[in-house]
Amino acid sequence: MQTRAELERKNLDSMENPYSSVPAEITSIVDESPTIKTFELEPDEPMEFATGEFIQLSVPGLGEAPFTPSSSPNVTDTLEVTIMEAGEVTGELHDMSEGDTVGIRGPYGKGYPLEEMEGRDVLVVGGGVGLAPLRSLLYMLTAQPDDFGKICLKYGARAPDHLIYKDQLDDWGSGASEIDLELTVDEGDEDWEGNVGVVTNLLEDLEVDTEKGVAVVCGPPIMMKFTTQSLLDYFESSDIYLSMEKNMSCGFGMCGHCQLGKYYVCKDGPVFTHDQVKDIPDLWE
Amino acid sequence: MKAIDKSDFSEFVDNLIEDDDREVVGVQKKDSKFAFDPLYESDDLRLDYDTTILPPKKYFMPQRETLIEYNIEKGETTPVNRVVPRIILGVHPYDLVAIGQMDKVFEDTHEDPYYLEKRRQSVLVGVNMENVSDKSFASTMGTATIDSGYDLMLTDIGDRYAIEVGSSKGSSLLEQAGAAVDDAKPEEIRKVKQFKEDLPEKFRSDPEFDPFELPSLLKEYYDNDEFWEENSEDCLSCGTCNLVCPTCYCFDVKDVNDISLSEGERMRTWDGCMLEEFAEVAGDENFREEKAARYRHRYMRKGRYMYNRFGDIACVGCGRCSEQCLPDIADPVDIFNQMKEGTS
């Protein structure tokens, strides 16, 4: 006679369990801003992902939340996620330390189509923690700079201490990098000498070939809305890539939360061209 | 087609309850309504019911179920799948159509072992509708009768039940009834055919739409904010229409700790797009903050989105949503008729 526990396990052995997580140790934590940290994770089994795809990260006892890795897919034994403290799972993550373990499953979705960007100028526009998935993309673009045209990054945050990846921003802004960087903050402080204002202010005299180039945008909904509006003056709708955010529970097109018009953000996105989603009313609401 | 005397059928059900390892569930009276519940004697089975409070989806996708057990201190996670094999008696055709639609969902992108294993280990015994609820419009939706999707299908033909066999699972269940089952006589087969032909007359006569018009009607009405605002004005955002719907399957996954706080379960629970927090994300963003947007979303799912993805209109016309909506604003016939009228 089999015990109930044996029977239950047997049921699962016959099929792969899509909800099972792989344990991942937190190997380093970087404070990016007062509310944002980057966690380097070392999973028990390496998890390969393409830039822009996302994972479900779980903290047992609190649940799961979706994040797009901010690290390069070329690094395979670890991955990094950059997380803003905004809810229960993220709050607990911010209290965790190096050596603690979380769970990850995935990757899911469709990421940035690098092949579509080959040979073309790429304008990357980020807002706040939205720079996280874009950093992963920038790593890929700069890993093979000859494959792409000019790479421009326009990045805005609430205030100077809310800009993330400060070391990288210094590198990218140094002139020695392939990336042409411009920063802005909504509100400066006494040490800030750069631009003040919203990121759309940086989209007027673009140094990229907008006719042949592509634009990639990630940030809070309101920033994405106005950035997209500005970009449409220069770029084709099908050349603007948007990272859409939605509530997600499963990650693979089942649970129903992330429906966006006819799409599921988790399965058909999270990266969409503007052309794919432009007819969906209330897109940013 | 097979047939069995009603008294023999009762004995067969009693024997199943007594001897079969599987749990026998069936439709029973529950106060003034009907419900699927575990069956302890065949006398309680009411195959003449009009509709049940909840559809039988609860047996494949329970209101709450454990996906994974975890121990925080030990850092262990263990997948579990609690499957109770069941014989489910008295499922109406529209609910069988809904189960068929849900099967597609749970094996489309990933095979969901929790749902699929419960399905595989259950036997579905359907029954053709003898009585029809006032709110049901299954005949309009083309789901009042079906040719597949059941393991066995019963039809009341007087002193006997005619039995259509739909699968090997069904025929091996029927073998347990032994010699009581014989081949249906030609006039009994004719009776079943007649029963199905007469069925549409029992349904409400007010639907003015064709189900295949729904995707385009809904597309046309998407931007009509006034229409959705007016129709959802009295909505309580209670989610009842989601819970009682046989094709609603949206779920949430959350961790529930036990009292020690060191162990717990990752649970899947029913969720509903009419609930305010359904489309909420971190940072106080809610992608469907207004009840009109949620109300519209539900109809879009039923008549357009699921159709575009799976080719099915995800409303089977059972009428449960309109029957159980407190402010009485959930009748799909009313909405679809209004659209039809507005465009013709």
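Computed from a prediction, not measured in an experiment: that's the story for all the values here. Order of the sequence lines fixes the chain letters, A, B, ..., with proteins taken first and strands second; residue numbering starts at 1 for each chain.
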#### Entry: Any donor-acceptor pair under 3.5 Å from B/Arg296 side chain to B/Tyr222 backbone
yes
### Task
Give a yes or no on whether a salt bridge exists between B/Arg119 and B/Glu107, defined as a side-chain N under 4.0 angstrom from a carboxylate O.
no
### Query
Between A/Ser58, A/Gly103, A/Pro220, which has the largest tally of heavy atom pairs under 4.5 Å with chain B?
A/Ser58
### Query
Which word best sums up how the rings of A/His257 and B/Phe278 line up, parallel for under 30°, tilted for 30 to 60°, or perpendicular for over 60°?
parallel
### Task
Classify the ring geometry between B/Phe106 and B/Tyr249 as parallel (under 30°), tilted (30 to 60°) or perpendicular (over 60°).
perpendicular
### Query
Is NZ or CZ of B/Lys57 both nearer than 6.0 Å to the six-membered ring centre of B/Trp270 and within 45° of the ring axis?
yes
### Task
Answer with side chain, backbone, both or neither: which region of B/Glu76 has an atom nearer than 4.5 Å to a non-hydrogen atom of chain A?
neither
### Task
Find the one option among A/Pro23, A/Gly63, A/Ala65, A/Ser20 whose heavy-atom pairs under 4.5 Å with chain B are most numerous.
A/Gly63
### Proximal component of A/Lys246, with respect to chain B [non-hydrogen, under 4.5 Å]
both
#### Entry: Spacing of B/Asp271 atom CG and A/Cys255 atom SG [to the nearest 0.5 Å]
8.0 Å
### Task
Give the member of A/Met84, A/Lys262, A/Gln259, A/Glu88 that has the highest number of heavy-atom pairs under 4.5 Å with chain B.
A/Gln259
### Query
When heavy-atom pairs shorter than 4.5 Å are enumerated against chain B, which of A/Ala86, A/Gly87, A/Pro60, A/Gly256 gives the highest number?
A/Pro60
### Query
A/Cys250, A/Gly261, A/Cys258: which one forms the most heavy-atom pairs within less than 4.5 Å of chain B?
A/Gly261
### Task
Answer with side chain, backbone, both or neither: which region of B/Arg304 has an atom nearer than 4.5 Å to a non-hydrogen atom of chain A?
neither
### Message
Does any backbone or side-chain atom of B/Met267 lie under 4.5 Å from a heavy atom of chain A? Answer side chain, backbone, both or neither.
### Response
neither
### Query
Side chain, backbone, both or neither: which part of B/Asp252 has an atom under 4.5 Å from a heavy atom of chain A?
both
### Task
Using a strict cut-off of less than 4.0 Å between a Lys/Arg side-chain nitrogen and an Asp/Glu carboxylate oxygen, indicate whether B/Arg320 and B/Asp95 qualify as a salt bridge.
yes
